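Heads up, the thing below is written out as structure tokens.
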Amino acid sequence: MTQLVDTISEMRRWSQGARQRGDVVALVPTMGALHRGHLALVKRARQEAQRVVVSIFVNPLQFAPHEDWDRYPRQLANDMAALADEQVDVVFAPSVEEMYPQGDSLTRVSVASMAGALCGRTRPTHFDGVTTVVAKLFHIVQPDVAVFGEKDWQQLTIIRRMVSDLNFPVTVLGVPTVREPSGLALSSRNQYLSPEEHQRAGAIYQSLVRAKERYQQGERHRDRLIDLVRATLHEAGLTPEYVEIVDPGTLEACPASLPSSALLAVAVPVGRARLIDNMLLGQ
Ligand code: PAF
């Protein structure tokens, strides 16, 4: 039976009990509005641990005032049902007041330069909000393992670095992106798309695949691959916020002549949604 916990004290008591029994605990942090991508994270967590906790918290700290915090989809009853089917042990769903009783957190965890790369250029406070809440969740749940999606590659890389820099005793695992038949990456924000926008958004994946194919055929010129992605998006009437090729481990921009390992990453506004996706080129 899946237990719903909404206070920090009860979550801590549960975790202490699990650890005393010698159980390995895995945490899947989410903001809810769960889809098959999240369930893939839960399945991976289940492979790694006897006990699985899923947190559901739409974290205000990672949204700028003009962003979609207030309209972000919230569907706790549906999420609980899906997680019960996956035999999740605990859903930790605290209120904003429970997580930030003083209204804000004066303390920020910041993975400096990485937080300013890619999405950080237009969302300068976003990743500090993510790392701050994930650090809090790690302290509260005390997991042995935490599972994140590779769709949010920048987030995953930043959290790995935070865990390493701050010596959290947590193993961070990444799970490959789950896609629709069109290739569109599953995202809770896909709910914002009209049917026509949804169809057009399939071009995001096609643009990445085209670039990867060209890379595999030997193209190593960074800007030519970026132009190809932009052109494919343009054909579908989409204008990307960014198209970048970076080192997958550091998120630093790759040189004009690409190395054997590189990450192609895009952010594309489609209607009211801002969609992100990425693909590894080479290894
Ligand atoms: O990826 C998300 O859903 C969020 O950024 C996370 C990791 C749950 C932190 O709020």
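All of these numbers come straight from a predicted model, not from anything done at the bench.
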* Asked: Using 4.0 Å as the upper bound for N to carboxylate O, is an ion pair formed by D104 and R108?
  ->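 A salt bridge is present here (some side-chain N lies under 4.0 Å from a carboxylate O).
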* Charged N to carboxylate O below 4.0 Å: is that the case for R46 and E86? ->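 Result for this pair is no, no salt bridge flagged.
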* Test salt bridge (Lys or Arg N to Asp or Glu O under 4.0 Å) applied to E213 - qualifying residues, sequence neighbours left out ->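 With sequence neighbours excluded, E213 shows a salt bridge (Lys or Arg N to Asp or Glu O under 4.0 Å) to no residue whatsoever.
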* To do: Kindly write out the residues that satisfy salt bridge (Lys or Arg N to Asp or Glu O under 4.0 Å) with R12, not counting sequence neighbours, or none if the list is empty.
  =>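 Here no residue qualifies.
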Looking just at side-chain N and O atoms, do [X] and [Y] make a donor-acceptor pair shorter than 3.5 Å?
X: Y100; Y: N59; value: yes
X: E98; Y: T7; value: no
X: T232; Y: R210; value: yes
X: E180; Y: H198; value: yes

* To do: Look at the aromatic rings of H139 and F168 and report parallel, tilted or perpendicular, splitting at 30° and 60°.
  =>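 Answer is tilted, since the angle falls between 30° and 60°.
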* To do: Check the pair T122 / E241 against side chain to side chain donor-acceptor pair (under 3.5 Å), numbers first and verdict last.
  => CA-CA 9 Å; T122 50; E241 180 187 298; 2.5 Å; yes
* **Under 4.5 Å side-chain linkage, directly or through intermediates, the cluster mates of L186** =>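 Noted: L186 shares its cluster with V178.
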* Asked: CD of Q87: more than 12 outside heavy atoms within 6.0 angstrom?
  ->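 No - once you tally the heavy atoms of other residues, nucleotides and ligands closer than 6.0 Å, there are 12 at most.
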* To do: Flag the pair V53 / V28 as yes when at least one side-chain heavy-atom distance between them is below 4.5 Å, and no otherwise.
  =>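 Heavy-atom side-chain distance check fails, nothing below 4.5 Å.
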